[in-house]
There are 2 protein chains.
Amino acid sequence: MARTGRRPGNQDTRQAILVAAREAFAERGFDGTSIRQIATSAGVDPALVHHYFGAKDKLFLATMDAPIDPGELLPKIFEAGIDGVGERLVRTFLGVWDSPAGSPAAALFRSAMQHEWSARMLREFLVTQILRRAIGHLKLDPAEAPRRAALVASQMAGIVMVRYILKIEPMASMSQDEIVHSVAPTIQRYLTEPLLPPPAG
Amino acid sequence: MARTGRRPGNQDTRQAILVAAREAFAERGFDGTSIRQIATSAGVDPALVHHYFGAKDKLFLATMDAPIDPGELLPKIFEAGIDGVGERLVRTFLGVWDSPAGSPAAALFRSAMQHEWSARMLREFLVTQILRRAIGHLKLDPAEAPRRAALVASQMAGIVMVRYILKIEPMASMSQDEIVHSVAPTIQRYLTEPLLPPPAG
């Protein structure tokens with residue numbers, strides 16, 4: 001029986017790269033890891049890593065089995081500027097989690113609760129793939145941006161917990177419009193209203 | 001060596017009650033479970049359950065190893081009425097989670113991510129011990145109260161995730177005042193501002 005498609009050897013190489021990448025990202029973080037280091041520990045040429053996965057962002061998403069690519073979704077949310085960003089963010093977020101991508105995303109969250117290793121990966125994902133991009137697009141004051149991003153993350157992570165993981169009613173079955181109506185102003189406020197100045201000293 | 005204190009038999013009885021209670025609450029929920037049923041499946045007299053644990057609320061908290069008793073904390077937050085309730089709630093919440101009680105509380109959350117059984121217990125705890133009390137004290141419109149409570153729960157659960165479990169900076173080390181300043185208005189708004197009416201039908 002003649003079958004076409006990838007030879008098993010390719011799958012092995014791909015797998016070896018993923019294993020090495022996962023270890024490197026979890027140990028040294030996204031910024032502390034280079035494609036070159038990953039290639040070395042997987043015993044392959046860096047060009048092969050690029051060939052299979054593209055840029056470091058994409059390789060990182062592959063190691064996490066990320067169901068979405070924030071690099072594609074986020075510009076649509078942020079490119080129209082700060083006005084209405086809360087609404088666009090909440091609506092897009094609910095759209096992803098209510099779609100078939102929601103189930104693997106919930107698995108990622110669950111896993112992050114269980115293993116410090118997974119928690120570190122999820123933290124790296126949130127910080128480098130989502131929060132950092134949001135800050136960049138919105139041109140927030142760098143002194144305040146991390147606190148604003150953390151506040152936004154806290155509200156969105158809570159929706160994940162209550163609606164998608166604990167499935168507490170009525171939030172589990174509230175319409176997207178209802179949630180957007182109530183939560184979008186929160187996100188808008190976290191991104192734009194004055195924060196308490198950091199304590200002096 | 002003569003030792004005073006509980007006889008081992010008492011500990012066994014106590015343990016048998018806890019096991020039966022845990023099973024009953026997880027299977028039939030808090031409201032669907034009676035002290036009498038628990039006593040029957042533990043093979044003890046209901047009076048003994050009351051003797052060891054007091055009311056059903058307290059027994060439920062014991063089965064969850066709950067580090068705090070919402071029945072004691074919540075009246076202080078709500079008895080002064082709706083004005084400033086957001087601030088009192090966020091401040092009390094951070095006080096508990098930043099205290100030694102925070103670590104067992106985080107363990108409860110982690111466990112709820114792993115096992116549907118634990119998730120159900122945490123849901124029962126939030127709904128019957130916290131949200132229901134909050135709704136009662138604040139005399140919210142019963143048609144809207146569950147949605148308001150779920151919105152509040154989503155913001156608070158998100159702080160648990162970001163500050164105490166994933167420990168994402170800068171939220172992990174923000175001062176209580178900073179978080180209260182930003183988050184209290186969110187909670188106040190979820191409890192008091194108009195909600196989108198639920199879809200007709």
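Residue numbering restarts at 1 for every chain, and letters A, B, ... go by the order of the sequence lines.
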> Under 3.5 Å, is there a donor-acceptor pair linking the side chains of A:Q155 and B:S154?
Replying inline: yes
> For chain A, which residues of residues 69-88 of chain B have at least one non-hydrogen atom nearer than 4.5 Å to it?
Replying inline: none
>> Quick check for you: among B:S111, B:A149, B:P185, which has the greatest number of heavy-atom pairs under 4.5 Å with chain A?
In response: B:P185
>> For residues 115-142 of chain B, give me every residue with a non-hydrogen atom less than 4.5 Å from any non-hydrogen atom of chain A.
In response: B:A119, B:L122, B:R123, B:L126, B:V127
> For chain A, which of B:A150, B:A172, B:A153 has the most heavy-atom pairs under 4.5 Å?
Replying inline: B:A150
>> Are A:L195 and B:S182 packed together at the side-chain level, in the sense that at least one heavy-atom pair is separated by less than 4.5 angstrom?
In response: yes
>> Counting heavy-atom pairs under 4.5 Å with chain A, which one of B:M171, B:H181, B:E169 comes out on top?
In response: B:H181
> Who wins among B:P194, B:A106, B:A157, B:P170 for the most heavy-atom pairs under 4.5 Å with chain A?
Replying inline: B:P170
> Within the distance-only criterion (no hydrogens, no angle test), does the side chain of A:R189 pair as donor or acceptor with the backbone N or O of B:V183 below 3.5 angstrom?
Replying inline: no
> For chain A, which of B:I168, B:V160, B:I165 has the most heavy-atom pairs under 4.5 Å?
Replying inline: B:I168
>> Assess the residue pair A:M174 and B:R147 against the criterion (side chain to side chain contact (heavy atoms under 4.5 Å, CB included)); give the C-alpha distance rounded to whole Å, side-chain angles, the decisive distance to 0.1 Å, and a yes or no.
In response: CA-CA 8 Å; A:M174 274 164 80; B:R147 281 182 294 157; 3.8 Å; yes
>> Using 0.5 Å steps for rounding, measure from the CG atom of B:L196 to the CD1 atom of A:I179.
In response: 11.0 Å
>> To the closest 0.5 Å, what do you measure between OG1 (B:T186) and CD1 (A:I187)?
In response: 8.0 Å
